[in-house]
Amino acid sequence: MKLAPSLLACDFTQLGEELKRIASAEYAHVDVMDGLFVPNISFGLPILSAARRASSLFMDVHLMIERPERYLRDFAEAGADGLTVHVEATPHVHRAVGLIRELGKRAGVTLNPGTPLEAVRPVLPDVDLVLVMSVNPGFGGQKFIPESVERVRTLRRWLDELGSAAELEVDGGITPQNARLLADAGATVLVAGSSVFGPQGPEVGLARLREALA
Ligand code: DX5
Ligand code: ZN
C-alpha cells in the first residue's frame, strides 16, 4: 500500500520542513481547488513549484478545478508527476487524460461520491490511476463515506477484468480504522490529510497508518 499525505493539512509556513517529515511516504498529494468546481480555494502553481523545489517526492496532483485541460501543461511544468482530473469538471475527460500522458505524466481520473462509477468506465483502459473520493471534495477533515468501500471493490474488479495495472487511490477521511478495509477492497494508494498532519505529527501519523495496514 502506498501512502499519500495531503499537503492541504500541513503547516504552510513550514512547507519544506513538512515535506521532509513525510519523506517515508510514496507520494505527496497536492489538492488544487478553484472555488468553482469545489466551494473552497486552496493553492495553485506557485505552491506546487515550491513543493517541487523542496522535495523529490512524487507529486500526486489532484485538480479540483473546472476545465482542468486548460492548466495541465502549467501543472506539469510546475513539477507534477501525476495529474488527476474529475469527470464532472470537463466534457473532454478522454482528451484530458490523453494530454496528461502526452506531457509524460501519470494520468489519473476521479469522481465525486455522488457520481455513478459508470462515468469513469470508458476511460479505464487509458488511465494510470483511478481515484475514489470518499468525501465530497473541497475540505480536509471530513468524515469517511462508508459506501466508498463498495465503490473501491467494484473498480478493483473492473480494473482486474481489463488487466489494468492502474493504481486505485482513495481520498478523504482515511484513518487507521478504515485503512485495512480499503486495502482489503483493493485500494493501492491511500491519501491522508488530517490523520497524517494531526497534533501527533506526520511521522507518528504515517507510522499509525502503516501499523494498521501491516
Ligand atoms: C478533499 C481533498 C483531500 C483532503 C483529505 O477535497 O481532496 O485530499 O485533503 O483530507 P482528510 O484526510 O483530512 O480527509
Ligand atoms: Zn485530494
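Distance CD/E66 to CG/D34: 6.5 Å, rounded to 0.5 Å. Residue L129 holds its CG atom at 8.5 Å from OG1 of T110, rounded to the nearest 0.5 Å. Rounded to the nearest 0.5 Å, atoms CZ (R180) and CG (L213) are 6.0 Å apart. Note that CE of M64 and CG of L8 are 7.0 Å apart. Values are rounded to the nearest 0.5 Å. Rounding to the nearest 0.5 Å places CD1 of I65 at 10.0 Å from CG of L36. With rounding to the nearest 0.5 Å, the separation of NZ in K143 from CG in N178 is 10.0 Å.
Under a 3.5 Å cut-off, the side chain of R52 and the backbone N or O of S55 do form a donor-acceptor pair. The closest donor-acceptor contact from the side chain of R73 to the backbone of E69 lies at 3.5 Å or more, if one exists at all. Remark: side-chain polar atoms of Q142 are not paired, donor with acceptor, to backbone N or O of G173 under 3.5 angstrom. Distance alone, capped at 3.5 Å, places no donor-acceptor pair between the R21 side chain and the E203 backbone. With hydrogens and angles disregarded, no donor-acceptor distance shorter than 3.5 Å links the side chain of T90 to the backbone of R67. Looking at D184, its side chain never comes within 3.5 Å of a backbone N or O of L181 through a donor-acceptor pair. S49 places a side-chain N or O within donor-acceptor distance of the main-chain N or O of P46, the cut-off being under 3.5 Å. Distance alone, capped at 3.5 Å, is enough to place a donor-acceptor pair between the T154 side chain and the E150 backbone.
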Could you walk me through whether V170 and L131 pass side-chain contact (heavy atoms from CB on, under 4.5 Å), step by step? CA-CA 6 Å; V170 189; L131 169 59; 5.6 Å; no
Assess whether side-chain contact (heavy atoms from CB on, under 4.5 Å) is satisfied between V61 and T84, documenting all intermediate values. CA-CA 6 Å; V61 178; T84 298; over 6 Å; no
Decide yes or no on salt bridge (charged side-chain N to carboxylate O under 4.0 Å, His left out) for R153 and E147, but give the supporting numbers first. CA-CA 10 Å; R153 242 183 238 120; E147 288 75 18; over 6 Å; no
Kindly indicate, with the supporting measurements, whether the criterion side-chain contact (heavy atoms from CB on, under 4.5 Å) is fulfilled by L83 and L63. CA-CA 7 Å; L83 287 161; L63 294 175; 4.0 Å; yes
Start with the C-alpha gap between L209 and T175, add the side-chain angles, then the distance that decides, and say whether side-chain contact (heavy atoms from CB on, under 4.5 Å) holds. CA-CA 7 Å; L209 284 167; T175 62; 5.8 Å; no
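Residues V97 and D128 form no side-chain contact, since every pair of their non-hydrogen atoms from C-beta on lies 4.5 Å or further apart. Two residues are said to be in side-chain contact when any heavy atoms from C-beta on lie closer than 4.5 Å; V32 and L45 fail this criterion. Taking the side chain as every heavy atom from C-beta outward, L99 and R95 never approach each other to under 4.5 Å. Contact annotation: the side chain of N112 approaches that of H86 to within less than 4.5 Å [non-hydrogen atoms, C-beta and beyond]. For the pair I41/M33, no side-chain contact is recorded, criterion being any heavy-atom separation below 4.5 Å from C-beta on. Residues L159 and L124 meet the side-chain proximity criterion, which asks for heavy atoms closer than 4.5 Å. Residues F37 and E88 have side chains in contact (heavy-atom distance under 4.5 Å, counting atoms from C-beta outward). L168 is listed as a side-chain neighbour of V152, based on a closest heavy-atom distance under 4.5 Å.
K20 has a carboxylate O that lies under 4.0 Å from a charged side-chain N of E17, or vice versa, which qualifies the two as a salt bridge. Between K2 and E167 there is a salt bridge, with a side-chain nitrogen of the basic residue lying less than 4.0 Å from a carboxylate oxygen of the acidic one. With respect to the salt-bridge test (charged N to carboxylate O, under 4.0 angstrom), the residues R101 and D126 do not qualify. In summary, E118 and R121 do not engage in a salt bridge, as defined by a charged side-chain N under 4.0 Å from a carboxylate O.
The salt bridge (charged side-chain N to carboxylate O under 4.0 Å, His left out) check on R106 picks up D60, with sequence neighbours excluded.
Side-chain N/O atoms of T188 and E169 include no donor and acceptor closer than 3.5 Å. Using modelled atom types, one finds a donor on one side chain and an acceptor on the other under 3.5 Å when comparing D31 with S6.
Of all the heavy atoms in S134 and G172, the pair that sits closest is OG-O, 2.7 Å. Taking every heavy atom of both residues into account, P113 and N136 meet most closely at CD-OD1, 3.6 Å. Residues S194 and G141 approach most closely at OG-CA, 3.6 Å, considering heavy atoms. In plain terms, the two heavy atoms of S24 and L206 that are nearest each other are OG-CD1, 3.7 Å. When all heavy atoms of L15 and A50 are compared, the pair lying nearest together is CD2-CB, 4.2 Å. Contact detail for A119 and T115: the closest heavy-atom pair is CB-CG2, 3.8 Å.
Residues V196 and V204 are members of separate hydrophobic clusters, defined by side-chain heavy-atom contacts under 4.5 angstrom among Ile, Leu, Val, Met, Phe, Trp and Tyr. L111 is not connected to V135 by any chain of hydrophobic side-chain contacts under 4.5 Å among Ile, Leu, Val, Met, Phe, Trp and Tyr, and they are in different clusters. M133 and L155 fall into different hydrophobic clusters, where Ile, Leu, Val, Met, Phe, Trp and Tyr residues are linked whenever their side-chain heavy atoms come under 4.5 Å apart, directly or through other members. V38 and V191 are members of different hydrophobic clusters when ILVMFWY side chains are connected at heavy-atom separations under 4.5 Å. Residue V127 is grouped with residue V120 when hydrophobic side chains (ILVMFWY) are merged at heavy-atom distances under 4.5 angstrom, including chains of intermediate members.
Between Y27 and F58, the angle of the ring planes lies from 30° to 60°, which puts this pair in the tilted group.
Residue-environment remark: OH (Y71) stays at or below the threshold of 12 foreign heavy atoms within 6.0 Å.
Screening L103, L48, V30, I100 for a side chain to side chain contact (heavy atoms under 4.5 Å, CB included) with F75, the sole residue that qualifies is L48.
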